[in-house]
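To start, the structure under review is shown below, and the notes come after it.
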Amino acid sequence: DVQLQASGGGLVQAGGSLKLSCEASGFTFEGHTIGWFRQAPGKEREAVACISDRDSSTYYADSVKGRFSISSDNNKNTMYLQMNSLKPEDTAIYYCAAGRDYGLGSLEIDQTYEYDFWGQGTQVTVSS
């Protein structure tokens, strides 16, 4: 079975750091776009950080540029989101996701429809 298991969320004070992890099983990241999304109460799910396997291009939401960093360890089949200088507005449920890239047409890595598999979400709460 294909599965993404996210972990690493928690409660942190503003200015602190957290590192989220997401381990994949049942498939490898090769040929997949991978990304982190978040959803705050009453808001739509938004892309936070994404990587295209096609050309290694990345996407970062403007609100996290310079503070968050996405990476992956293909040997461990695990993706990460390093979050520094956290702000209360970063509070949300964070989801990892992966989407098979068939190499056809354009790829909009910040759009949820590009992703086939989703993790269960991990809560990040930043106190002021």
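Just so it is clear, the structure is predicted and the values come from calculations on it, not from any experiment. Hydrogens, waters and symmetry mates are skipped; everything else that's a heavy atom, side chains included, is used. One-based numbering along the sequence shown.
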Notebook entry, point to check: Say you draw a straight line from CD of Gln13 to OG of Ser127; how long is it, rounded to the nearest 0.5 Å?
Noted result: 5.0 Å
Checklist line | Nearest heavy-atom neighbours spanning Ala97 and Met79 | finding: O-CE, 3.5 Å
Note to self: Determine whether Tyr115 and Ile34 satisfy the following criterion, side chain to side chain contact (heavy atoms under 4.5 Å, CB included), listing intermediate values before the conclusion.
What the structure shows: CA-CA 8 Å; Tyr115 297 83; Ile34 60 174; 5.6 Å; no
Next item on the list: Group every Ile, Leu, Val, Met, Phe, Trp and Tyr by side-chain heavy-atom contacts under 4.5 Å, then state whether Val12 and Phe68 land in the same group.
Entry: yes
Check: Just by modelled atom types, is the Thr33 backbone N or O under 3.5 Å from a matching donor or acceptor in the Asp53 side chain?
Finding: no
Check: What closest approach, in Å, do Ala14 and Pro88 show between heavy atoms, and which atom pair accounts for it?
Finding: CB-CD, 4.1 Å
Next item on the list: Give a yes or no on whether the backbone of Gly31 and the side-chain of Arg100 come within a donor-acceptor separation of less than 3.5 Å.
Entry: yes
Check: NZ/Lys87 to OG/Ser128 distance, rounded to the nearest 0.5 angstrom?
Finding: 14.0 Å
Check: At their closest point, which heavy atom of Ala6 faces which heavy atom of Thr122, and how far apart are they?
Finding: CB-CG2, 4.3 Å
Next item on the list: Identify the heavy atoms of Glu114 and Ser106 that sit nearest to each other, and give their distance.
Entry: OE2-O, 4.2 Å
Check: With the 4.5 Å side-chain cut-off for hydrophobic clustering, are Ile70 and Val48 part of the same group?
Finding: yes
Notebook entry, point to check: Is the gap between the ring centers of Phe37 and Trp118 under 6.0 Å?
Noted result: yes
Notebook entry, point to check: Does Cys50 offer a backbone N or O that forms a donor-acceptor pair with the side chain of Tyr60 under 3.5 Å?
Noted result: no
Margin query: A cation-pi test, strictly: NZ or CZ of Arg38 under 6.0 Å from the centre of the six-membered ring of Tyr95 and no more than 45 degrees from its axis. Yes or no?
Written below: no
Notebook entry, point to check: Side chains of Met83 and Tyr94: closer than 4.5 Å at any heavy-atom pair?
Noted result: yes
Notebook entry, point to check: Out of curiosity, does Phe117 fall in the hydrophobic cluster containing Ile51 (side-chain heavy atoms, cut-off under 4.5 Å, transitive links)?
Noted result: yes
Next item on the list: Run the numbers on Arg54 and Leu107 for side chain to side chain contact (heavy atoms under 4.5 Å, CB included), then give the verdict.
Entry: CA-CA 9 Å; Arg54 183 186 298 185; Leu107 191 61; 4.1 Å; yes
Notebook entry, point to check: Taking the side chain from Thr78 and the backbone from Lys76, do they hold a donor-acceptor pair closer than 3.5 Å?
Noted result: yes
Notebook entry, point to check: What distance do Ser69 atom OG and Trp36 atom CH2 have between them, rounded to the nearest 0.5 Å?
Noted result: 12.5 Å
Checklist line | From CA spacing to verdict: side chain to side chain contact (heavy atoms under 4.5 Å, CB included), Ser72, Asn74 | finding: CA-CA 6 Å; Ser72 67; Asn74 289 349; 3.6 Å; yes
Check: For the side chain of Thr91 and the backbone of Val126, is there at least one donor-acceptor N/O pair under 3.5 Å apart?
Finding: yes
Notebook entry, point to check: Who passes salt bridge (charged side-chain N to carboxylate O under 4.0 Å, His left out) against Asp62, sequence neighbours left out?
Noted result: Lys65
Check: Of all heavy-atom pairs between Ala49 and Leu81, which one has the smallest distance, and what is that distance?
Finding: CB-CD1, 3.9 Å
Residues 16-30, side-chain donor-acceptor partners within the protein, below 3.5 Å, at least two apart:
unit_1	atom_1	unit_2	atom_2	d
Ser17	OG	Asn84	OD1	3.0

Check: After noting the C-alpha distance and the side-chain angles of Arg67 and Asp90, does the key distance pass the side chain to side chain contact (heavy atoms under 4.5 Å, CB included) rule?
Finding: CA-CA 11 Å; Arg67 300 188 298 121; Asp90 294 319; 2.8 Å; yes
